[in-house]
Amino acid sequence: DVAKLALPSGSRRALLLGRDGVQPDARLSEALTAAGLAVTTDDGRGYGAMLMEPQEARAPVETFARTLDWLASMAAPGVVPAPTQTRRHVVSAPTLELAIDGIGVRETPVTVERVGALLSGVLAQPIADAEPLSALLVNAGPQRRVGPNRMWVETARRWAARGVPSLRLDLEAIGESEGDDSRFTETRELYVPAFIDQVRGGLDELEDRGCPGRVVVVGLCSGAYWSAHTALADERVAAVVLLNPRALVWDPWSSLRWRMRDARELIVLRSTWRRLVRGELNLRRHVATLRGILAQGPRRAAALALRLLRSLRHRDEPVDGAENRELHFLLDGLRDRDQRALIVFSGKEPLRDDLRTAGWFDQLDRWPNLEVVIVGTSADTHTLQPIWLQRQVHDLIDELLAAELERAAADPLAPSLAPRLRHVRPA
């Protein structure tokens, strides 16, 4: 209870920010005032936009500016406040040497030029001799090259200690790479073919630096999509790790289908209506969904609206036949070149539900190079937030790496493992 906490000595003023018009707690304001503080309140505009999906989130710059003005107004007389817009120039060392489990690893910042864009990355290499295998870890959707919860950093260093050079790469307009990230407010912009060419640029960079040309590519969400399609386009990819892919075949309706499913689940909850009445529900995402439906024209919009209404009664939705055929084409291509694939689903993943509805899990004998692992949780863990889940995923991808190292050392043409569907219980 913040109202009961002891205040720092010398406190004289307090700024309380709301949430897009939802005012700060009145009891807290009263407690601070009673303690002798001058209390200022502000609407906190932009709170909802800040908490959107990562690719849609926007910094509440107006609230930042008002907060800076409030801080500057308490400066001592004659003290000039620092400028509100500053930029730090950091000079990086050319390399960084680390000890991972007692084994030397060297990290080097790299720049990859691809189709006019400068891409930023970090290459972790073993100081000792390397294994005949490299790794490339691409963005988890709009998340930068550190990966979800720093998992890419941990994986790259751990694999480098095992002798596998590992490159973590920011693709265009993500992280420190050049480009305009405002376009990612449209989900479809995360699934454009240009990203596949940029992932291939990462493969080129590994080879140019003398790393083995046989590569494991790892991705989450749309990064899984890029990884799979890069493997289909480039035989240097020996194996792919696809973590919680939202789509392996992209069509313009995929995002609408996911959002319609989200809307369906929200509509039936009493808490949704309570939050709506209290003004605590940000409707921006769902308004965007409605706009997307209406933009398809009257006939298509009516069909999608009917589909949403039907889905309120029936959870399972059919998978488009053309989409299913394209998925078979993708996986057949990986199988025919013996490129190993590991797909991991956790939590409430829409693609897993689609594939189950289509009976796809009953067809795994068709792809002996494929393993599907379902981590048993019903929560929304798309970006692998729980620590126990991260550990399980680390173990799963390390298993694939060990198998691929064994295959590369023994016989590059050796067949992959038989297809498997595993369910892993939460730790």
Side-chain angles (χ1 to χ4, degrees), residues 100-101 103 105 123-126 128-138 147 151-169 199-200 202-207 209-220 223-245 248 330-345 364 367-373 391-422 424:
I100 307 298
D101 295 329
I103 301 173
V105 169
L123 175 62
Q125 294 175 279
D129 294 338
E131 297 281 359
L133 190 69
S134 298
L136 176 61
L137 298 96
V138 298
M151 287 185 67
W152 283 191
V153 175
E154 296 170 8
T155 298
R157 291 174 176 176
R158 185 174 67 253
W159 286 11
R162 296 184 64 171
V164 179
S166 300
L167 172 61
R168 300 182 284 113
L169 188 64
V199 177
R200 297 184 74 180
L203 301 178
D204 292 343
E205 183 69 18
L206 285 166
E207 281 202 301
R209 290 178 173 269
C211 301
R214 182 185 178 96
V215 185
V216 175
V217 183
V218 182
L220 182 147
Y225 174 92
W226 304 327
S227 301
H229 286 269
T230 299
L232 194 63
D234 200 311
E235 295 189 10
R236 289 176 293 182
V237 179
V240 288
V241 177
L242 314 177
L243 304 176
N244 283 339
L248 290 177
L330 168 67
L331 295 178
D332 286 349
L334 302 183
R335 175 203 60 204
D336 293 345
R337 291 189 299 204
D338 197 29
Q339 293 167 304
R340 191 188 306 264
L342 169 66
I343 303 178
V344 178
F345 289 117
L364 291 182
W367 302 289
N369 60 318
L370 175 64
E371 180 177 13
V372 180
V373 178
R391 289 170 179 161
Q392 287 189 341
V393 172
H394 279 304
D395 289 343
L396 289 169
I397 63 178
D398 284 356
E399 284 181 23
L400 178 134
L401 179 71
E404 202 56 39
L405 283 171
E406 184 177 347
R407 186 163 71 129
D411 181 359
L413 301 179
S416 297
L417 298 175
R420 290 186 292 169
L421 173 61
R422 278 199 280 165
V424 179

Check this for me: does any side-chain nitrogen of one of R214 and E404 sit under 4.0 Å from a carboxylate oxygen of the other?
yes

Which heavy-atom pair separates L206 from A135 by the least distance, and what is that distance?
CD1-O, 3.8 Å

Looking at every heavy atom in both L330 and A228, which two are closest together, and how far apart are they?
CD1-O, 3.9 Å

Could you walk me through whether R335 and L370 pass the side-chain contact (heavy atoms from CB on, under 4.5 Å) test, one step at a time?
CA-CA 8 Å; R335 175 203 60 204; L370 175 64; over 6 Å; no

What heavy-atom pair brings P165 and L133 nearest, and what distance separates the two atoms?
CD-O, 3.3 Å

Can you measure from OG1 (T230) to CD (Q339) and round to the nearest 0.5 angstrom?
10.5 Å

Here the pair of heavy atoms bringing G202 nearest to L167 is O-CD2, 3.8 Å

Gap between atom CZ of R158 and atom OG of S166 - 0.5 Å precision:
9.5 Å

Can you check whether L334 reaches W367 side chain to side chain, under 4.5 Å on heavy atoms?
no

Side chain to side chain donor-acceptor pair (under 3.5 Å) with W159: which residues, sequence neighbours excluded?
D398

Minimal non-hydrogen separation, P132 against P212, with atom names:
C-CB, 3.7 Å

Just wondering, do V218 and V138 contact through their side chains at under 4.5 Å, heavy atoms?
no

For the side chain of R337 and the backbone of A231, is there at least one donor-acceptor N/O pair under 3.5 Å apart?
yes

Minimal heavy-atom distance between G333 and L232, with the atoms involved, is CA-CD1, 3.8 Å

A quick test of your reading: do over 12 heavy atoms of other residues, nucleotides or ligands sit less than 6.0 Å from CG of D336?
yes

Rounded distance (nearest 0.5 Å) linking atom SG of C211 with atom CG of L203
11.5 Å

Side-chain (H229) to main-chain (L248) donor-acceptor, under 3.5 angstrom:
yes

By side chain to side chain donor-acceptor pair (under 3.5 Å) - contacts of D395 (at least two apart):
none

Salt bridge check, R407 against D338: does any charged N sit closer than 4.0 Å to a carboxylate O?
yes

Contacts of R391 meeting side chain to side chain donor-acceptor pair (under 3.5 Å) (sequence neighbours excluded), chain-then-number -> none

Where do H394 and M151 land on the side-chain contact (heavy atoms from CB on, under 4.5 Å) test, with the steps shown first?
CA-CA 8 Å; H394 279 304; M151 287 185 67; 3.8 Å; yes

Please tabulate, for side-chain N and O atoms in residues 235-243, each donor-acceptor pair with protein atoms closer than 3.5 Å (sequence neighbours left out).
from, atom 1, to, atom 2, distance (Å)
R236, NE, D234, OD1, 3.0
R236, NE, D234, OD2, 3.3
R236, NH1, D204, OD1, 2.8
R236, NH1, E207, OE1, 2.9
R236, NH2, D204, OD1, 2.8
R236, NH2, D234, OD2, 2.7

Quick one: pull up CG in L136 and CG in L169 and give me the separation to the nearest 0.5 Å.
6.0 Å

Quick one: CG on N369 to CG on L331, what's the gap to the nearest 0.5 Å?
7.5 Å

4.5 Å side-chain heavy-atom contact, W152 and L220
yes

What's the verdict on side-chain contact (heavy atoms from CB on, under 4.5 Å) for V373 and L342, showing C-alpha distance, side-chain angles and the deciding distance?
CA-CA 8 Å; V373 178; L342 169 66; 3.9 Å; yes

Would you please test I343 and E371 for side-chain contact (heavy atoms from CB on, under 4.5 Å) and show each step?
CA-CA 6 Å; I343 303 178; E371 180 177 13; over 6 Å; no

Applying salt bridge (Lys or Arg N to Asp or Glu O under 4.0 Å) to E205 and not counting sequence neighbours gives R209

Taking the side chain from Q125 and the backbone from A160, do they hold a donor-acceptor pair closer than 3.5 Å?
no

